A.B. asks: 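My structure is below; once you've seen it, I'll send some questions.
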Amino acid sequence: MSSSEPAVEHVLDTPFFHRWLTAAAASVTRDAARLTELDSAIGDADHGTNMQRGFAAVAEALDKERPGSPGAALILAGRQLISKVGGASGPLYGTLLRRAGKALGDAEEITPQQLTDALRAGVDAVAQLGGAAPGDKTMLDALFPAVEALAGGGSFAAAAEAAEKGALATTPMLARKGRASYLGERSIGHQDPGAASSALIVAALTEAAR
Amino acid sequence: MSSSEPAVEHVLDTPFFHRWLTAAAASVTRDAARLTELDSAIGDADHGTNMQRGFAAVAEALDKERPGSPGAALILAGRQLISKVGGASGPLYGTLLRRAGKALGDAEEITPQQLTDALRAGVDAVAQLGGAAPGDKTMLDALFPAVEALAGGGSFAAAAEAAEKGALATTPMLARKGRASYLGERSIGHQDPGAASSALIVAALTEAAR
Amino acid sequence: MKMLINVAESVVSDALRGMAACHPELTVDVENRVIVRRDAPVADKVALVSGGGSGHEPLHGGFVGRGMLDAACPGEVFTSPVPDQMVRAAAAVDSGKGVLFVVKNYTGDVLNFDMAAELAEDEGIQVAKVLVNDDAAVTDSLYTAGRRGTGATLFVEKIAGAAAEEGMPLERVEAIARRVNELSRSFGVALSACSTPAKGGPTFDLPPGELELGVGIHGEPGRERRAMMTSREIADYAVHVVLEDLPPDNPVLVLVNGMGATPQLELYGFAAEVHRVLGERRIAVARTLVGNYVTSLDMAGASVTLCQVDEELLRLWDAPVRTAGLRWGC
Amino acid sequence: MKMLINVAESVVSDALRGMAACHPELTVDVENRVIVRRDAPVADKVALVSGGGSGHEPLHGGFVGRGMLDAACPGEVFTSPVPDQMVRAAAAVDSGKGVLFVVKNYTGDVLNFDMAAELAEDEGIQVAKVLVNDDAAVTDSLYTAGRRGTGATLFVEKIAGAAAEEGMPLERVEAIARRVNELSRSFGVALSACSTPAKGGPTFDLPPGELELGVGIHGEPGRERRAMMTSREIADYAVHVVLEDLPPDNPVLVLVNGMGATPQLELYGFAAEVHRVLGERRIAVARTLVGNYVTSLDMAGASVTLCQVDEELLRLWDAPVRTAGLRWGC
Ligand SMILES: Nc1ncnc2c1ncn2[C@@H]1O[C@H](COP(=O)(O)OP(=O)(O)O)[C@@H](O)[C@H]1O
Ligand SMILES: Nc1ncnc2c1ncn2[C@@H]1O[C@H](COP(=O)(O)OP(=O)(O)O)[C@@H](O)[C@H]1O
Ligand SMILES: [Mg+2]
Ligand SMILES: [Mg+2]
Ligand SMILES: [Mg+2]
Ligand SMILES: [Mg+2]
């Protein structure tokens, strides 16, 4: 899929969200060791395990409870993350998905614009909850660019690319939030693990759309 | 000095004993790391430190108190070992020297035969105190052969050779006394650290005689 | 890295099964990961609940009992627990007098306890929170996550726990907890990294001959790496940083805390150096506690926490406490 | 191997300075290396004196105080103390009712305490001795040094200490101490060697993926080296060896003892497995103690000690104790 292909071509129904979250679960599981490795340089070496545990619970809950709308799927996923992950990423990602889900209401199919707005609401909620801003070397540095890309009419692939670029751009940053902030200057030169996992989650949109 | 040279040629006066114990202190200090290494394979990795600490105290006490007879020198040395070393080797070597010193009485010069008898009394006391017999993989496996060599009219060099041979012969033995006994079969194949230090102490006689 | 475990996935529940088996004075809900003192809720007493990632034992589970915590919620290793645990704990211990959440200042702990507080209040439980942020190694600012909570957590839990046991109302217990935190500062060093079960190896590389200054308790690297220092030099450095930040005008409680793998023989030698520096600075020591209390799995190293105490705080410190990890007077 | 020390030569005296600074309830003679409870001699009480090489802390210095030891004599690291220390300790604590020497069965400890007993008796002090030799890993025979003393030392010191505190005469205190030793067995495993300050590195090489079964507390290798085992397998093995040797017909006290560097999280997980095996064997557990009590510097690993107790021994175990390392009831 090229980055110029418009997102509108996909049907954003409940199965799509199911596929998205399942794909996200698969990729955080596949990359768990890398995420933990990143977290080990400037954190406490658990980000991979946290994401894997959380998204496994998400996938299981989706299979079991079969939510009837995109909004319900995201809210269920967000709740799972909040009650299964712990750490910083649990409440933050949990809030992201829950808030996005709430924004979607109970429509059975949604438009790309609705998705973009919902994700923006979710990302804003993360920023508010964690008190971080872009440039602080957190997951927001991948999430914000992704939402911007979608808002500018970009495809999922464009969003994934923006998220990945944002994640890579955290490397030279000085951390101001999360555990990496304790390292001060020594946080510079390492990629933020949460930004890396955000890039994976955004990239999973493209897989869901296939 | 060849091993056939008779021991009688040396004057066994107080300075001789002073030289002997000082030479012993020098060689256990020089070989402390090796003794500790041996003790680390089948014991608790302190034999070198123990011997070094003990003999340093002996040398210091001799310099300070300047005992007036061979017997007094050995008793003083034995007391120092008992009150400064601890562990198994402290009381055992302390007893060896104290008992030998007592056997010498307060003669100012002694004969090789008197020395041999005194050492035998000391070694017997060690055997009694520790309850070990030759073949148990202890210092006795170096000390007994040394006394036998002297008793058979051998020189100090011959005694040193016998002690060294005895120490090397402990390698294939199964330990029945001391810490090495806890290892059971696994004590086989390692030289006993106390036998090694005994060989050094006996060898120091040849240096004192030079 | 060898560990005395079954599989990485079960370390926390295995440890909880052990707590349950060894401590009949506790109620341990292994499945839901809540450790509660058996006689909870204690009538007419404010309850204290804390929790955090596992790997810092005896903190917090080892501090549950008379005179300290009413409940603790252990998360995964180095991962804060989830709100469900905290709400369950609060419900189990609330006597109607309210619950104080003792929260170490980490983003994860803060967010999860915040959510739990909201949920608990929805259930009609009155909740207050105290944030512990004593680590003088971390520069504090409005724009950062702020300072970590480390050794002072023990002081806060012990002293506020005693205040609750004396029957003080929630606001006073909360105020005392806050005061203890404000009067406490810590500094830690690592001689080795720790190994988490999930990672299976050290969380960072520390070459022989070097140490990390200003480490926390989660296996994260510190503020600075230096050539190895002596116990004397480390004590000079650590106490200096702590006092720079909070020059005491009262006697201090001293915690000389082992990170997990440093032998007690070394810890007491280090305690001697800490006392020496304090003596040189003419700071009176009221009490000293030496041992592994706020640990970082098998990390080698130590931290120093000082807490200024007036008569009330010292009385509360000396009050009886009966937990698996800290006990006196009963 | 990095250590939190000044120089290897001063580790023991540095630690004693720390004990002196941190424990006003003790009298610590740093120069002569004797730790005495401050209120000694306690009138009309039999006194308990123990000691051994350093590196096993809190054993023995951490067990000095009401209800346990009256004095302890720390030797160099892993080296038994010298008779002078023991005689000095005995003289400091004897109230006229006599002194019990608690001696772990190592050639060095035995010889030095024997000499001390003779010297103390010359000074008119009545001395009795109890030899602790609980290590089921060591084959006992007339022709060997016999079994090592390890974890049971804690049980002997605690229970005989309580008996002395109750005012029992020397023969009874001695008989109880002997009984506790006879009813106790231990087994230990090492996941890593320890490093002594003097050697500066590990006392033996243990490759990744292997463990030592049947180790003592002096960094010596064990009876057997095996491929790494799970906590469950180790508990099965250790408890099996202990029970083979002494099948109990009474409930047991359980000590799940850390060697020094094993995190408490792992120790409690191991304790769960030990309880599981005991449950499978239908052996009742009276009390369990989990923690680093009889250590081997920074060795990773653990040991299990079981002690059969009748009502009298259990009452004495539960009696108040107030030491730096073990405290309850006061
Ligand atoms: N205040 C914050 N705002 C946004 N993201 C944050 C914040 N704090 C931490 N994060 C993100 O969380 C990630 C760490 O997650 P994780 O390792 O799972 O939790 P913890 O830090 O509690 O161990 C960081 O890499 C960062 O991206
Ligand atoms: N019962 C004994 N009889 C004779 N020699 C012994 C006995 N026990 C130990 N030894 C000697 O002592 C040596 C160990 O000394 P050392 O390491 O200083 O003491 P420890 O064993 O107390 O650490 C052993 O190598 C052995 O030669
Ligand atoms: Mg993390
Ligand atoms: Mg030795
Ligand atoms: Mg974490
Ligand atoms: Mg020794």
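Chain letters run A, B, ... following the sequence lines, proteins first, then strands; residues in each count from 1. Quantities reported herein were computed from a predicted structural model and do not represent experimental measurements.
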A.B. asks: Check the pair C:T153 / C:H60 against side-chain contact (heavy atoms from CB on, under 4.5 Å), numbers first and verdict last.
C.D. replies: CA-CA 9 Å; C:T153 318; C:H60 299 271; 3.8 Å; yes
A.B. asks: Mind ranking C:E273, C:R322, C:R287 by heavy-atom pairs under 4.5 Å with chain D and telling me who comes out on top?
C.D. replies: C:E273
A.B. asks: What's the spacing between D:D14 CG and C:L265 CG if we round to 0.5 Å?
C.D. replies: 9.0 Å
A.B. asks: So for D:T295, is it side chain, backbone, both, or neither that comes closer than 4.5 Å to the heavy atoms of chain C?
C.D. replies: neither
A.B. asks: Using non-hydrogen atoms only, which part of D:A324 is less than 4.5 Å away from chain C: side chain, backbone, both, or neither?
C.D. replies: side chain
A.B. asks: Which one, D:T288, D:D298, D:N6, leads in non-hydrogen pairs under 4.5 Å with chain C?
C.D. replies: D:N6
A.B. asks: Look at D:K2 together with C:E266 and state whether they make a salt bridge at an N to O cut-off of under 4.0 Å.
C.D. replies: no
A.B. asks: With only heavy atoms counted, which part of D:V285 is less than 4.5 Å from chain C, the side chain, the backbone, both or neither?
C.D. replies: neither
A.B. asks: Measure distances from D:P58 to the heavy atoms of chain C and classify the residue's part below 4.5 Å as side chain, backbone, both or neither.
C.D. replies: both
A.B. asks: Count the heavy-atom pairs under 4.5 Å between each of D:P320, D:G209, D:S192, D:S54 and chain C, then report the option with the highest count.
C.D. replies: D:G209
A.B. asks: Who wins among C:H56, C:R232, C:M229 for the most heavy-atom pairs under 4.5 Å with chain D?
C.D. replies: C:R232
A.B. asks: Side chain, backbone, both or neither: which part of D:C330 has a heavy atom under 4.5 Å from chain C?
C.D. replies: backbone
A.B. asks: Given a strict heavy-atom distance threshold of 4.5 Å, which part of D:H23 is in contact with chain C: side chain, backbone, both, or neither?
C.D. replies: side chain
A.B. asks: Do C:V77 and C:V11 touch side chain to side chain, with heavy atoms closer than 4.5 Å?
C.D. replies: yes
A.B. asks: Please identify which of these residues, D:I234, D:V290, D:V189, meets the side-chain contact (heavy atoms from CB on, under 4.5 Å) condition with D:F270.
C.D. replies: D:I234
A.B. asks: Between C:L191, C:N292, C:L16, which shows the greatest number of heavy-atom pairs under 4.5 Å with chain D?
C.D. replies: C:L191
A.B. asks: Side chain from CB out, backbone as N, CA, C, O: work out which of these in C:V274 comes under 4.5 Å of a heavy atom of chain D, or both, or neither.
C.D. replies: neither
A.B. asks: For the candidates C:S231, C:A272, C:A302, C:G301, which exhibits the highest count of non-hydrogen atom pairs separated by less than 4.5 Å from chain D?
C.D. replies: C:S231
A.B. asks: So which part of D:A300 gets closer than 4.5 Å to some heavy atom of chain C, the side chain, the backbone, both or neither?
C.D. replies: neither
A.B. asks: Using the side-chain contact (heavy atoms from CB on, under 4.5 Å) rule, take C:V256 and C:H275 through it: C-alpha gap first, then chi angles, then the decisive distance, then the call.
C.D. replies: CA-CA 10 Å; C:V256 176; C:H275 270 259; 5.8 Å; no
A.B. asks: When you look at C:L278 and C:V239, which way does the side-chain contact (heavy atoms from CB on, under 4.5 Å) test go after all the steps?
C.D. replies: CA-CA 8 Å; C:L278 291 172; C:V239 175; 3.8 Å; yes
A.B. asks: Do the rings of D:W317 and D:F155 sit parallel, tilted or perpendicular, given the 30° and 60° boundaries?
C.D. replies: perpendicular
A.B. asks: What is the ring orientation for D:F78 with D:H218, classed by angle as parallel under 30°, tilted 30 to 60°, or perpendicular over 60°?
C.D. replies: perpendicular
A.B. asks: So which part of C:M228 gets closer than 4.5 Å to some heavy atom of chain D, the side chain, the backbone, both or neither?
C.D. replies: side chain
A.B. asks: Counting heavy-atom pairs under 4.5 Å with chain D, which one of C:A15, C:G55, C:P74, C:G61 comes out on top?
C.D. replies: C:A15
A.B. asks: Rounded to the nearest 0.5 Å, how far does CZ of D:R38 lie from CD of D:E25?
C.D. replies: 8.5 Å
A.B. asks: Is it true that D:E224 and D:R226 have a side-chain N and a carboxylate O under 4.0 angstrom from each other?
C.D. replies: yes
A.B. asks: Under 4.5 Å heavy-atom distance to chain C, tell me which part of D:L206 shows up: side chain, backbone, both or neither.
C.D. replies: both
